[in-house]
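Below is one structure; the comments refer to it alone.
Only this structure's heavy atoms are used, side chains among them; waters, hydrogens and symmetry mates stay out. Residue numbers start at 1 and run along the sequence shown.
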Amino acid sequence: MYRVVVNAFGGPEQLSIIEAPDPSPGEGDVVVRLTSIGMNHADLMARRGDYKLSSGSPPFTPGLEGGGIITAVGPNVTDRQTGQRVVLSLDAPTSKGRGQGTYQSHYVVAASKTLPAPEALPDQILGALWLPYLTAWGCLIWKQNLQPGQRVLISAASSSVAIAAAQIAKHYGSLAVGTTTQAQKVAKLEAMPEACYDHLIATSQDNWYRQAKQLTGGKGFDVIFDPVAAGDFLNQEIRLLAEYGALWIYGLLGRPGTVDITPIIRKRASIRGWLLNELIGSGVEAGAYRHVLERVADGSYRLPVAATFPLKDVRQAHEFMEQGQHIGKLILVS
């Protein structure tokens with residue numbers, strides 16, 4: 001087997017491939033050959049030293065998602081078998097301690113922290129579903145209780161999380177409006193069947209705020225789902241909230257700046273934070289897993305794959321992701 005190790009905080013050059021003996025499962029464990037490892041911005045943050053709560057200090061192995069094929073079964077495992085395709089649970093990496101992520105060709109994990117994969121799911125996406133779909137579903141449906149007919153503004157529209165959010169919003173009968181900073185991405189997104197936004201807006205346009213407000217008939221958005229959350233953009237989002245609207249922040253991609261919260265008070269609106277880890281141990285995660293797997297299997301949700309990279313080309317994969325030109329999910333395959 002082999003795994004990726006971050007030797008020191010820094011750029012992609014700090015990533016190296018380490019060969020190791022093939023692992024053996026302990027009691028209650030299985031060994032999964034990971035055919036799919038979803039890449040996330042948190043992986044880049046961990047490599048740079050901006051996500052120490054999850055990664056710990058170097059050396060460590062990054063990675064939050066994974067799925068593949070069971071190659072070995074440990075003692076007292078009766079409900080999993082070799083050759084079975086599985087998805088790692090959301091808490092599988094954290095259950096092994098900090099810095100024991102999924103950037104590995106083979107992964108030893110408790111059998112209870114794997115979920116059988118539906119036959120309709122391709123091997124390529126087995127380990128790339130949770131961060132996009134559970135981030136969006138957990139916030140919009142579980143926490144916000146999104147209702148049919150409500151208006152949702154989704155920023156960073158070309159990201160896999162945003163595209164998943166649009167699919168979920170449409171599935172539950174809501175209006176989905178996406179924003180992106182790059183005008184050239186609008187046409188690309190409009191041509192993608194997976195990006196099922198009702199409308200798309202380039203925020204590089206001077207009048208983007210007015211355009212967005214007009215789409216709601218002047219009422220504003222009931223829900224805003226945002227990983228940027230900073231500076232003038234956040235100010236504009238606050239102005240776009242409807243009465244009693246909620247602005248959910250699930251990332252910190254923007255640069256901090258001065259924000260005017262006066263409209264929040266006037267509209268009796270709210271700004272709330274969302275972390276995917278809140279699903280773990282909540283009692284609703286089993287239903288969330290089932291919902292996502294079933295909807296992907298029946299084609300209701302379609303993960304857009306921007307590119308795949310061999311795990312051994314992880315440096316190139318990180319460099320590509322940092323350019324920010326892709327649309328959809330990047331996946332490592334081994």
Side-chain angles (χ1 to χ4, degrees), residues 4 6 9-15 36-56 58 60-66 88 90 93-94 98-99 101-103 125 127-140 154-166 178-182 185 189 194-195 203 224-231 233-234 248-256 273-279 303-309 311 313-333:
V4 175
V6 176
F9 292 133
E13 72 279 358
Q14 296 298 339
L15 299 166
S36 170
I37 303 163
M39 291 182 63
N40 299 282
H41 281 284
D43 304 341
L44 308 187
M45 294 172 64
R47 191 204 68 223
R48 294 192 295 255
D50 298 330
Y51 206 46
K52 296 177 185 176
L53 186 65
S54 173
S55 70
F60 65 85
T61 296
L64 300 174
E65 299 180 276
L88 302 186
L90 196 58
T94 57
R98 291 196 302 175
T102 55
Y103 278 31
I125 68 169
L129 297 174
W130 290 162
L131 269 290
Y133 286 101
L134 292 183
T135 299
W137 183 93
C139 181
L140 297 178
I154 303 168
S155 58
S158 62
S159 72
S160 59
V161 176
I163 292 172
T179 68
T180 177
T181 58
Q182 301 179 39
K185 283 189 175 180
L189 285 164
E194 302 94 339
T203 57
I224 298 178
F225 186 59
D226 179 31
V228 181
F233 184 72
L234 182 54
W248 288 91
I249 298 170
Y250 68 93
L252 296 171
L253 298 181
R255 295 183 178 181
W274 163 242
L275 287 174
L276 177 57
N277 285 350
E278 194 174 343
L279 265 176
L303 180 73
V305 178
T308 61
F309 292 85
L311 181 57
D313 291 341
V314 64
R315 288 186 181 180
Q316 294 93 313
H318 272 228
E319 290 169 354
F320 184 82
M321 190 175 206
E322 287 185 321
Q323 293 171 10
Q325 299 302 308
H326 63 283
I327 296 178
K329 188 74 169 179
L330 299 177
I331 301 174
L332 298 169
V333 295

Decide yes or no for Phe233 and Thr179: does some side-chain heavy atom of the first lie under 4.5 Å from some side-chain heavy atom of the second? yes
NE2-CZ distance between His318 and Arg315, expressed to the nearest 0.5 angstrom: 11.5 Å
Report the residues that fulfil salt bridge (Lys or Arg N to Asp or Glu O under 4.0 Å) with Glu278, sequence neighbours left out, ordered by chain and then residue number. Lys143
Given the options Thr102, Ile331, Leu332, Leu88, Ser36 meets side-chain contact (heavy atoms from CB on, under 4.5 Å) only with Ile331
Quick check on Phe9: does its CZ atom have over 12 non-hydrogen neighbours (other residues, nucleotides or ligands) under 6.0 Å away? yes
Tell me every residue that passes ring-ring contact (aromatic ring centres under 6.0 Å, His included) with Phe320, counting only those two or more places apart in sequence or in another chain. Phe309
At their closest point, which heavy atom of Ala162 faces which heavy atom of Ser155, and how far apart are they? CB-O, 3.6 Å
Under the side-chain hydrogen bond (donor to acceptor under 3.5 Å, both in side chains) test, residues paired with Trp274 that sit two or more places apart: none
Taking the side chain as everything from C-beta on, heavy atoms only, tell me whether Phe225 gets closer than 4.5 Å to Cys139. yes
Taking only residues two or more places apart in sequence or in another chain, which ones pass side chain to side chain contact (heavy atoms under 4.5 Å, CB included) with Met321? Met39, His41, Leu44, His326, Leu330
Do the non-hydrogen side-chain atoms of Ile37 and Val333 ever get within less than 4.5 Å of each other? no
Considering residues at least two apart in sequence or located in another chain, which fulfil the side chain to side chain contact (heavy atoms under 4.5 Å, CB included) criterion with Pro132? Glu65, Ser160, Ala164, Leu303, Lys329
Output the distance between atom CG (Leu276) and atom CG (Leu90), rounded to the nearest 0.5 Å. 4.5 Å
I need the minimum non-hydrogen distance between Pro227 and Ala156, along with the two atoms involved. CG-CB, 3.8 Å
Mind checking whether Leu64 and Asp43 have side chains closer than 4.5 Å, heavy atoms only? yes
Ser158: what forms a side chain to side chain contact (heavy atoms under 4.5 Å, CB included) with it, not counting sequence neighbours? Lys185, Leu189, Ile327
Can you name the ring-ring contact (aromatic ring centres under 6.0 Å, His included) partners of Phe60, sequence neighbours left out? none
What's the shortest heavy-atom distance between Ala229 and Gly251, and which atoms? CB-O, 4.1 Å
Side chain to side chain contact (heavy atoms under 4.5 Å, CB included) partners of Pro304, counting only residues at least two apart: Ile163, Met192, Glu194
Going by the rule salt bridge (Lys or Arg N to Asp or Glu O under 4.0 Å), which residues pair with Asp50 if we only count those two or more places apart in sequence or in a different chain? Arg48
If you compare all heavy atoms of Thr308 against all heavy atoms of Val305, which two are closest, and at what distance to 0.1 Å? CG2-CG1, 3.9 Å
Filter on side chain to side chain donor-acceptor pair (under 3.5 Å), then keep only pairs touching residues 127-136, sequence neighbours left out; what's left? Tyr133-Gln167
Roughly how far, to the nearest 0.5 Å, is the OG1 atom of Thr61 from the OH atom of Tyr103? 10.5 Å
Any idea which heavy atoms bring Gly11 and Arg47 closest together, and the distance? C-NE, 3.2 Å
